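Reading through the structure tokens given below for one structure.
Keep in mind that the numbers below use all heavy atoms, side chains included, and drop hydrogens, waters and symmetry copies. Given the structure is predicted, the values throughout are model-derived calculations rather than measurements.
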Amino acid sequence: MLFSDIKRLLNRNTLLAAALVAILCFSSQAVTGDTEPPTMFELAVSSISGAEKFNYFLVLDCFDNSYWFYIILPVILSFSAVSDFYEEWFGGGFYFTLPRCGITKYVLSKSLSVSAVSVGCFLAGVTIYCLVLLIFFPNFEDTAALFPQGALVYFAAKICNIAAVIAVYPLICIIAVMCIKEKFFSLSVPLIIGYSSAKISSDLFLKSFSEQDISYQKLAMLTPYMQTKQYAYFEQLFGLPIAVWYLSILLCCAALVLVFRLLVKRRIYNV
């Protein structure tokens, strides 16, 4: 059933999501030291005219250098899952699917498929971004000073961190659909979560610097918006191995799956 659910989600919506992720990456700002840094797209275009050739890995690392990146990304990656589930949940297909597999198998299959497809769309979009940049910035000079552990290792850790967080949001959106019964409004839930927590984390960081108190930074890193930064901050701020953070993400997913199961059971018993 899992492969069947994944196959259902692989449609034009997922292709559009991957393309939008790539566009989102190119809309991020490059770190050039300018007062008004160019976007990645503008930097790539300028390289055609013989402008300075920046190091590939330095440019690559800027794909998320945008305030809106982590706010919009969950909405893009949850759209396909929400659209498909909405049609099944409220269109009658739910009653044909559930008797063939049972509640537990149904919930696990839906949860794993929406998370896997969302992560897959993210990886596909970033891959497109990486391949296109390779054409414009083929410079691979030594970056050991900036990436002591290796540029590829650093980039892989960053991608894995973001992918882990991205896996959670489709589950949140599906639960929102079941509760509020509105497709597009449920997609605004991660947008609201991301925007409000971004504001809160920004205020906490400012307060941490003004009062010289690191505890405010720790609180800021616990907000949903900052979860995607844990690859760089978690071990430093909390003194715990990064595996502890991944375990907390896993526990969060497990809690959402249990809520999902309870909502399915409630609908069955209310029929």
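Atom CE of Met226 is separated from atom OG of Ser202 by 9.5 Å, given to the nearest 0.5 angstrom. Taking CG from Leu219 and NZ from Lys207, the interatomic distance works out to 9.5 Å, rounded to the nearest 0.5 Å.
Counting heavy atoms from C-beta outward, Leu262 and Arg266 have side chains that stay 4.5 Å or more apart. The shortest side-chain heavy-atom distance between Met221 and Phe238 falls under the 4.5 Å cut-off.
Using cut-offs of 30° and 60° on the angle between ring planes, the pair Phe85 and Phe260 is perpendicular. Taking the six-membered ring for Trp and thresholds of 30 and 60 degrees, Phe209 and Phe205 have ring planes inclined between 30 and 60 degrees apart.
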- request: Starting from the C-alpha separation in whole Å, work towards a yes-or-no answer on ring-ring contact (aromatic ring centres under 6.0 Å, His included) for Tyr246 and Phe234.
  value: CA-CA 11 Å; Tyr246 278 105; Phe234 188 81; 9.1 Å; no

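Screening Ile71, Ile193, Ile200 for a side chain to side chain contact (heavy atoms under 4.5 Å, CB included) involving Tyr225 leaves a single residue, Ile71. When each of Leu263, Val82, Leu187 is paired with Val177, the side chain to side chain contact (heavy atoms under 4.5 Å, CB included) condition holds for Val82 and for no other.
Distance alone, capped at 3.5 Å, places no donor-acceptor pair between the Ser208 side chain and the Leu204 backbone. Here the side chain of Ser118 pairs a donor or acceptor atom with the backbone of Val114 at under 3.5 angstrom. No donor-acceptor pair closer than 3.5 Å links the side chain of Asn65 to the backbone N or O of Ser28. A donor-acceptor pair under 3.5 Å is absent between the side-chain atoms of Ser111 and the main chain of Leu108, judged by distance alone.
In this model, a donor atom of one side chain and an acceptor atom of the other lie less than 3.5 Å apart for Trp245 and Gln227.
No chain of hydrophobic side-chain contacts below 4.5 Å, direct or via other Ile, Leu, Val, Met, Phe, Trp or Tyr residues, connects Ile192 to Met178.
Nearest heavy atom pair, residue Ile242 against residue Glu235, reads N-OE2, 3.3 Å. Scanning both residues, Tyr67 and Lys199, for their nearest heavy atoms gives OH-CE, 3.7 Å. Summarising the geometry of Asn13 relative to Ser83, their closest heavy-atom pair is ND2-CB, 4.3 Å, with the distance given to 0.1 Å.
Remark: aromatic rings of Phe122 and Tyr169 are distant, center separation not under 6.0 Å.
By the neighbour-count criterion of 12 heavy atoms within 6.0 Å, atom OH of Tyr233 is sparsely surrounded, having that number or fewer from other residues, nucleotides or ligands.
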N/O donor-acceptor pairs under 3.5 Å from side chains in residues 19-26, not counting sequence neighbours:
none

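In this structure Asp61 satisfies the salt bridge (charged side-chain N to carboxylate O under 4.0 Å, His left out) test together with Lys158, sequence neighbours excluded.
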